Number of protein chains: 2
Amino acid sequence: MRSRSDVLELAILGLLQDTPMHGYELRKRLNVMLGSFRALSYGSLYPALRSMADRGLITVAGSSEPLPHALSGKRSRNVYELTADGKEHLAEALTSSGPTAWDDEGFDVRFALFAQTDVETRLRILEGRRTRLAERLDQLRTSAARTRERVDEYTLELHRHGLEQVEREVAWLDGLIDRERDSGRTSKRRHPASRRTDGSESS
Amino acid sequence: MRSRSDVLELAILGLLQDTPMHGYELRKRLNVMLGSFRALSYGSLYPALRSMADRGLITVAGSSEPLPHALSGKRSRNVYELTADGKEHLAEALTSSGPTAWDDEGFDVRFALFAQTDVETRLRILEGRRTRLAERLDQLRTSAARTRERVDEYTLELHRHGLEQVEREVAWLDGLIDRERDSGRTSKRRHPASRRTDGSESS
DNA sequence: GTTAGCATGTAAGGAGTTACATGATTTT
DNA sequence: AAAATCATGTAACTCCTTACATGCTAAC
């Protein structure tokens, strides 16, 4: 029922599927993943890990019990690892179109995890995000038309620029969708994550 | 001491300088100003207004006393208006380079209030924001160089795109800075807010 | 006269940050 | 052996949203 913090959990699960890790390391990768500004604090991370361990999504190495709330005594690297339940949860979360699936953060995390998904999932996520942005665009254009007369030049310029940024975002998504459709046609359900890194798309 | 919520207060003060208003109306304009997604709730707005009234930045019409915590009995439109203190506070806040001055929200609000400022202030804000974004760019490029090998193609693409968006933001700011410098040269300290609304810049 | 929208507020709680408190390991 | 950095955690606090509760005013 924690609808917003799903994003953090998803990111954690995604990173742990790649490889088991302890919290400190996890945090660094999380910060890269979530956009590098906005450093996630330990005050968020550790309680989240605790909660996930309590729910059986991950295990803590050293004490393989379901973490009975009392630390064994020593205090050192706790290595976290996905359980079968955790993997299932991750797969569901990646596929589902929950309430936080298409907003900025939710999308970024899902996108960063694309290497672990199949073409169908990727396309669903990209298209869902595109739809969401198109709605936003509509909204912005409508509200612009309504308020055209009543606002000063600067406010107008701010809105114009915001609109442009969203338009570019949509164009970017369109490019990605095309690429995925191509790769989907060539090799159904395969991971095409090993393309050239320099990504030379001539428009 | 409320360092983050300065932004909300600044926005309120800015709108009230334009014209006195009651809360409901204020909220609608605030939502346009702050980007239209992310609707500010009454649960944020009214307590903020109360606090600002308590501190003497604004007055409430109908009961011109400093709001002695007990409403008079009736319940209807409370019209808020800036006090001299409030105007001073606003001027300071617009000029100052506080901790929240250059982040996304802080900048947007200050920009939306440009019509009420002079060229010097506008230039300081635009340049401050540009510096902040340039730092971000540096950071992103550095971290990209450090992690180039260790991340998959999708994460890379996400970073590339993020970088591009910030670069565009900087280019936008450069254009605005040029325009302000021109208008500053032509007419020192005058408000050039009465340009053509259709903004035909053929570029 | 009743629905819809205007208008104001409060209480509870979610999500995260800061600041604190502690201990282990590596580097100098 | 001191300093730096790795590593884990908690408590208090902030800011905001949701959901609720209330009453006024215009339209039909």
Side-chain angles (χ1 to χ4, degrees), chain A residues 1-12 20-31 34-35 37-54 58 60-63 67-80 99-100 103-106 109, chain B residues 1-12 20-31 34-35 37-54 58 60-63 67-80 99-100 103-106 109:
Chain A
M1 299 314 153
R2 54 167 64 73
S3 48
R4 195 72 95 275
S5 184
D6 282 346
V7 177
L8 177 55
E9 291 201 358
L10 177 57
I12 292 172
M21 239 178 287
H22 56 274
Y24 194 89
E25 176 71 19
L26 204 43
R27 180 187 180 244
K28 284 194 296 189
R29 304 223 190 171
L30 241 20
N31 285 339
L34 301 175
F37 18 75
R38 192 234 173 185
L40 182 77
S41 65
Y42 298 119
S44 298
L45 176 60
Y46 287 117
L49 286 172
R50 164 72 59 99
S51 152
M52 290 167 77
D54 285 349
I58 56 180
V60 189
S63 72
L67 198 69
H69 192 268
L71 264 300
S72 347
K74 297 241 307 183
R75 169 118 86 137
S76 191
R77 284 153 150 267
N78 289 357
V79 176
Y80 298 94
T100 64
D103 63 15
D104 302 83
E105 279 221 324
V109 169
Chain B
M1 302 309 157
R2 55 167 65 70
S3 50
R4 195 72 96 275
S5 186
D6 281 347
V7 177
L8 178 55
E9 290 200 359
L10 177 57
I12 292 173
M21 239 177 287
H22 56 274
Y24 194 88
E25 177 71 19
L26 205 43
R27 181 189 181 241
K28 284 194 297 189
R29 303 222 190 170
L30 240 22
N31 285 339
L34 300 175
F37 18 75
R38 192 234 173 184
L40 182 78
S41 64
Y42 299 120
S44 299
L45 177 60
Y46 287 117
L49 286 171
R50 165 72 59 99
S51 151
M52 290 167 76
D54 285 349
I58 57 179
V60 190
S63 70
L67 199 69
H69 191 269
L71 265 300
S72 349
K74 296 243 306 184
R75 172 119 86 133
S76 191
R77 286 154 150 267
N78 289 357
V79 176
Y80 298 94
T100 65
D103 64 13
D104 302 83
E105 278 220 324
V109 169

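Lettering follows sequence order; numbering is per chain, from 1. Bear in mind that the values here come from a model prediction, so they are computed numbers and not experimental data.
Atom C1' of nucleotide dG16(C) and atom CG of L30(A) are separated by 13 Å, given to the nearest angstrom. Separating the CG atom of N31(B) from the P atom of dC16(D) is a distance of 13 Å, rounded to the nearest angstrom. Computed from coordinates, the L8(A) CG to dG14(C) C1' distance equals 13 Å when rounded to whole Å. Taking atom CG of residue N78(B) and atom P of nucleotide dT8(C), one finds them 6 Å apart after rounding to whole Å. Atoms CZ (R77(A)) and P (dT5(D)) sit 17 Å apart, rounded to a whole Å. Counting to the nearest Å, the P atom of dA7(C) and the OH atom of Y80(B) are 12 Å from each other. When the P atom of dG23(D) is taken as reference, atom NE2 of H22(B) falls 20 Å away, rounded to whole Å. Atom-to-atom, CE of M52(B) to P of dG9(C) comes out at 14 Å; the value is rounded to the nearest Å.
For the pair S41(B) and dT17(D), the criterion of a side-chain N or O lying under 4.0 Å from OP1 or OP2 is met. An OP1 or OP2 oxygen of dT8(C) is reached within less than 4.0 angstrom by a side-chain nitrogen or oxygen of Y46(B). In this structure, Y24(B) reaches the dC6(C) phosphate: one of its side-chain N or O atoms is under 4.0 Å from OP1 or OP2. Considering only side-chain N and O atoms, S5(A) lies under 4.0 angstrom from the phosphate OP1 or OP2 of dG16(C).
Counting only heavy atoms from C-beta on, Y42(A) has its side chain closest to dT8(D) among dA7(C), dT17(C), dT8(D).
DNA chain C is contacted by both G43(B) and E25(B); E25(B) maps to the nucleotide lying nearer its 5′ end (nearest heavy atom per residue).
Atoms CG and CD, on L49(B) and E9(B) in that order, are 9.5 Å from each other to the nearest 0.5 Å. Note: I58(A) CD1 to S51(A) OG = 8.5 Å, rounded to the nearest 0.5 Å.
Partners of R27(A) according to the salt bridge (charged side-chain N to carboxylate O under 4.0 Å, His left out) rule, which considers only residues two or more places apart in sequence or in another chain, do not exist here. In this structure, the ring pair (Phe, Tyr, Trp, His ring centres under 6.0 Å) partners of Y46(A), at least two apart in sequence or on a different chain, are Y42(A).
A donor-acceptor pair under 3.5 Å is formed between the side chain of N31(A) and the backbone N or O of L40(A).
Within the nucleic acid shown, G23(A) comes within 4.0 Å of sugar-phosphate atoms alone, with no base atom in reach, counting heavy atoms only.
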